[in-house]
Amino acid sequence: MEFMNGLGMAFALLGAALSALLAGIGSAVGVGMAGEAAAGVVTEDPQKFGKVLILQLLPGTQGIYGLLIAFITLSQIGVLGGGGDAISLAEGILYFVACLPMGFVGLWSAKRQARAAVSGIALVAKRPEQMGKAIIFAAMVETYAILALLISILSIVGIPALGL
Amino acid sequence: MPEMYTYAVARLHASENNMLSNLDLERLLAANDMREAMAILSEKGYDTMNAQSADAVLENERKRLWELIGELVDDISVFDIFLYENDFHNLKAAVKSVVTKDDCGNILVPYGTVPAETIVKAVENREFGELPKFLRDVAEKALMALLETGDGGLCDIIIDKAYLEMLLGCGEKSDIGLIKDYAETTVALCDIKIAARGSRLGKNAEFFRRSLAECKTLNIEEVGKAASNGFEDFMEYLKGTDYREAADVLAKSYTAFEKWCDDRIMQEAKKEKNNQFTLAPIFAHILAKESEFKMVGLVLTAKQNKLNGDVIRERLRELYV
């Protein structure tokens, strides 16, 4: 029984780790890619630094969402803050599955958002007055990261109520 | 990995703000004198202060372009496709100068994949092994043909055909769509030019067999057959191919056709304006700059020689921006 509870904890931790890891990787790749494009524009026109910086930062939010899910999970299973009871294998697997939307959607949406941000940076380079539109194009991708964040939070918070 | 050129592409796209538009070309054409024209170029980022002549300005800009590309792309050999034309031009000059014993120094061009001096030396000493493989056989063949027949036209045909075949080979090897399209379109349009000129001059089928280079969008046997029957037959044939528009333009004038050819290639390049990744936009940028240099050179030459603006205007190509 103790072993099964330990396994449950391992699954929950794996979920938390994957959420932070995948979304973090996606954001790192995305911010890096947008940063390269931003640097290319600033090399030619240093005055556009402020404008392209905003676009560069957009794919960074997924990493923060992943971190948030990891924090909530760790808090729910008692790793953070302490005082948590042992969790069953079923609960552990549920936490693991609940973390997956944020992990995978975070990874892919950050990469795709980076491509939109790079295109937006190119738009700003040629038409600085169109910056608002460039931000909107990239921000549309954010919707799906937010949906994944929402579903992960609702799932994680709802697991204790199942009483497994 | 397409994303590895993100910085390069973003930088080049940003620098396109300073490229000349067709409106700028009109301004340049309307300039009262060279001084005014140089001032317009200076506004667009051309370094006109340190250059003594129009040629020097363009030479300097071309040097800056290739230095920038060298800085942005690790392996610049992917763009050799632009430089082979200069190699084959230098080979032509070297072969002819060896036979006529004239100095070809003033007609050699820089920016080939092989230094022009190496080509001249190899041809002079008959040491073809000093040349890269793509020039070796054609150099020997062209020199022998010129020595045996004294026919400069035959020498040109041999070298031009080798260049076109080399170009097509580069396109086929490349995994970049724009390079493939550029190579195929360039070869096909050159074949059309050869066939159109040859048919007007009443050349026979043997001439076309020797001159035309294989490509995918034209059947050169049929091109040669139609062209050897005369210009009208060739036009009829052309109307049944992907290049039917060329027939209408050729009917107007050869100048209009040359402009149409360059504009067609530029339209392909323009598709890369919204591509932020891969090497294709970098290739498009080089095509765009080369076309811009060509047009600036044309306008400045017209200014220097006080030529009528209308004569130049009909030769102005569509620019990238």
Side-chain angles (χ1 to χ4, degrees), chain A residues 25-60 62 107-131 133-138 140-141, chain B residues 1-24 41-47 61 64-74 76 178 266 269-286 288-289 292 319-321:
Chain A
I25 289 172
S27 279
V29 170
V31 174
M33 196 196 291
E36 281 184 44
V41 171
V42 173
T43 308
E44 292 296 317
D45 186 358
Q47 289 184 335
K48 293 203 172 91
F49 173 72
K51 287 183 172 169
V52 295
L53 181 68
I54 297 169
L55 282 157
Q56 187 202 347
L57 293 177
L58 285 177
Q62 284 82 346
L107 173 70
W108 282 103
S109 67
K111 285 184 175 178
R112 303 314 292 188
Q113 193 174 34
R115 293 179 75 92
V118 168
S119 299
I121 287 168
L123 172 59
V124 169
K126 288 190 176 169
R127 294 173 185 268
E129 74 281 1
Q130 300 295 332
M131 193 194 162
K133 288 174 190 164
I135 291 175
I136 290 170
F137 291 142
M140 294 304 280
V141 189
Chain B
M1 193 177 160
E3 283 87 9
M4 69 188 284
Y5 301 106
T6 311
Y7 169 81
V9 175
R11 187 168 166 186
L12 292 177
H13 279 329
S15 75
E16 283 162 12
N17 288 337
N18 279 332
M19 281 174 73
L20 294 180
S21 63
N22 283 81
L23 204 65
D24 294 317
L41 288 177
S42 182
E43 272 174 36
K44 300 301 284 184
Y46 278 64
D47 180 9
E61 289 306 310
R64 279 174 61 190
L65 170 68
W66 284 102
E67 276 173 2
L68 176 63
I69 300 298
E71 193 185 313
L72 297 176
V73 181
D74 290 338
I76 203 170
L178 180 61
M266 189 50 67
K270 278 185 172 184
K271 290 177 188 164
E272 301 301 330
K273 273 170 126 177
N274 297 322
N275 180 1
Q276 315 305 331
F277 307 97
T278 79
L279 278 169
I282 304 177
F283 186 85
H285 183 88
I286 300 173
K289 288 297 279 186
E292 181 182 303
L319 290 181
Y320 188 69
V321 291

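The analysis underlying the following values was restricted to heavy atoms, covering all of them including side chains, and did not include hydrogens, waters or symmetry mates. Protein chains get the first letters and strands the later ones, always in sequence-line order, with residue 1 at the start of each.
- The number of heavy-atom neighbours closer than 6.0 Å to NZ of A/K133, taken from other residues, nucleotides and ligands shown, is 12 or below.
- Residue-environment remark: CD (A/Q47) stays at or below the threshold of 12 foreign heavy atoms within 6.0 Å.
- Surrounding CH2 of B/W66 are more than 12 heavy atoms belonging to other residues, nucleotides or ligands, all under 6.0 Å away.
- Of all non-hydrogen atoms in A/V41 and B/A14, the two that sit nearest each other are CA-CB, 4.0 Å.
- Atom-to-atom distance recorded for B/H13:NE2 and A/K126:NZ is 5.5 Å, nearest 0.5 angstrom.
- Close approach to chain A, defined as a heavy atom under 4.5 Å from one of its heavy atoms, is seen in B/E16, B/N17 of residues 16-24 of chain B, taken by number.
- For residues 33-43 of chain A, the side chain to side chain donor-acceptor pair (under 3.5 Å) pairs, not counting sequence neighbours, are A/T43-B/Y7.
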